[in-house]
Amino acid sequence: MDVTHKTPVAILISGRGTNMMALVKAVQSGQLDADIRLVLSNKADAPGLQFAKQMNIPTKVLSHRDFPDRESFDKALVEAVEASGAQVVVLAGFMRVLTSTFLSKFPNRVLNIHPALLPSFPGMHAQRQAIEYGVKIAGCTVHIVDEGTDTGPILAQAALEVLKDDDENSLSARILELENRLYPSALQTFIAANAAKRLATGKE
Ligand code: GAR
């Protein structure tokens with residue numbers, strides 16, 4: 001059995017892609033035992049795609065607008081991820097809700113990062129929700145994706161203090177720095193735990 005092999009991963013993005021970049025850099029520096037097989041975006045103009053291309057990582061664009069419903073979009077996503085050979089799917093600012101059509105193909109193998117301390121502030125504009133609520137501690141969460149919105153089992157969290165003068169922008173920027181540090185380490189812990197499980201059970 002090859003115990004040194006890197007886990008094949010697909011990263012799904014919709015925009016700027018700083019979390020994806022942090023994951024790519026963590027692979028390059030040897031902190032993350034992943035082989036990034038695919039960066040897929042549902043938006044053709046996602047800036048993150050350019051970075052992935054520069055890094056010679058295969059990229060793909062699948063626009064949800066080209067599909068009549070969520071299920072057919074998710075089917076196409078499944079095909080793209082399976083074709084890449086990825087076993088773990090990492091959502092990094094991917095702004096589409098995935099249905100069971102997708103999730104059932106990768107059970108407990110889809111991870112997401114959310115810019116709040118879940119279960120507080122799920123959904124859109126989490127940092128704005130935190131500012132409006134007036135919380136004193138904010139942060140980010142890496143979790144396994146289930147069919148709810150930001151409801152799956154939590155793998156890791158990081159917290160920071162909300163400063164007196166913080167607004168949505170300043171808080172978002174500081175949470176993003178935390179995210180970019182948390183995601184690589186949380187993914188590495190997840191990958192190592194699954195590798196250990198494989199060794200113990202002898203199953204892929
Ligand atoms: C990140 O803040 C991520 O937590 C958030 O989108 C941003 C993507 O930034 N995701 C969600 O809100 C998902 N519910 P990035 O493109 O620079 O990685």
Side-chain angles (χ1 to χ4, degrees), residues 9-28 32 34 36 38-55 57 59-64 70 73-74 77 88-99 102-103 110-133 135 137-160 162 166-188 190:
V9 167
I11 305 179
L12 274 50
I13 66 171
S14 296
R16 136 194 91 171
T18 67
N19 282 298
M20 176 270 295
M21 292 176 199
L23 294 167
V24 170
K25 286 176 190 160
V27 169
Q28 288 170 343
L32 180 55
I36 300 175
L38 174 68
V39 171
L40 184 148
S41 173
N42 65 316
K43 296 210 168 148
D45 59 356
L49 285 172
Q50 297 314 316
F51 174 86
K53 282 182 190 152
Q54 282 162 12
M55 295 293 125
I57 297 168
T59 60
K60 190 172 176 72
V61 175
L62 275 180
S63 172
H64 54 282
R70 285 187 192 277
F73 175 61
D74 280 11
L77 279 182
V88 172
V89 179
V90 176
L91 309 185
F94 184 67
M95 296 305 189
R96 302 298 301 168
V97 173
L98 294 167
T99 67
F102 186 87
L103 295 173
V110 183
L111 272 57
N112 182 42
I113 191 158
H114 182 73
L117 293 172
L118 293 171
S120 294
F121 313 131
M124 298 293 283
H125 308 299
Q127 306 93 329
R128 186 188 305 167
Q129 293 183 57
I131 290 284
E132 286 175 354
Y133 199 93
V135 293
I137 303 286
C140 54
T141 303
V142 175
H143 65 97
I144 294 177
V145 177
D146 65 11
E147 284 177 47
T149 301
D150 303 320
T151 49
I154 289 173
L155 296 175
Q157 292 185 307
L160 51 66
V162 180
D166 264 334
D167 58 14
E168 183 184 354
N169 283 339
S170 63
L171 182 63
S172 299
R174 286 190 299 115
I175 290 176
L176 191 64
E177 278 176 31
L178 267 193
E179 292 184 44
N180 294 168
R181 289 204 299 273
L182 183 68
Y183 218 175
S185 72
L187 180 58
Q188 176 56 25
F190 178 82

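For ligands, and for the atoms within them, numbers begin at 1 and follow the listed sequence. Computed from a prediction, not measured in an experiment: that's the story for all the values here. FYI, side chains are in, hydrogens and waters are out, and symmetry mates aren't considered; it's all heavy atoms of this structure. Residues take their numbers from the sequence shown, with the count starting at 1.
- In this structure Asp166 satisfies the side chain to side chain donor-acceptor pair (under 3.5 Å) test together with Ser170, Arg174, sequence neighbours excluded.
- Between Val97 and Arg70, the closest heavy-atom pair is O-NH1, 3.6 Å.
- Closest approach of Ile175 to Ala138, counting heavy atoms only: CD1-CB, 4.1 Å.
- Distance CG/Leu176 to SG/Cys140: 9.0 Å, rounded to 0.5 Å.
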Quiz: residues 116-124 side-chain donor-acceptor pairs under 3.5 angstrom, not counting sequence neighbours:
none

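- Closer than 4.0 angstrom to ligand 1 by heavy atom are Arg16, Gly17, Thr18, Asn19, Gly93, Met95, Ile113, His114, Pro115, Asp150, Leu176, Glu179, sorted by chain and number.
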Throw together a table of side-chain donor-acceptor distances under 3.5 angstrom for residues 12-20, partners on residues two or more places apart or in other chains.
unit_1 : atom_1 : unit_2 : atom_2 : d
Ser14  : OG     : Asn42  : OD1    : 2.7
Ser14  : OG     : Gly93  : O      : 3.4
Ser14  : OG     : Met95  : N      : 2.8
Thr18  : OG1    : Asn180 : ND2    : 3.2
Asn19  : OD1    : Asn180 : ND2    : 2.9
Asn19  : ND2    : Glu179 : OE1    : 3.0

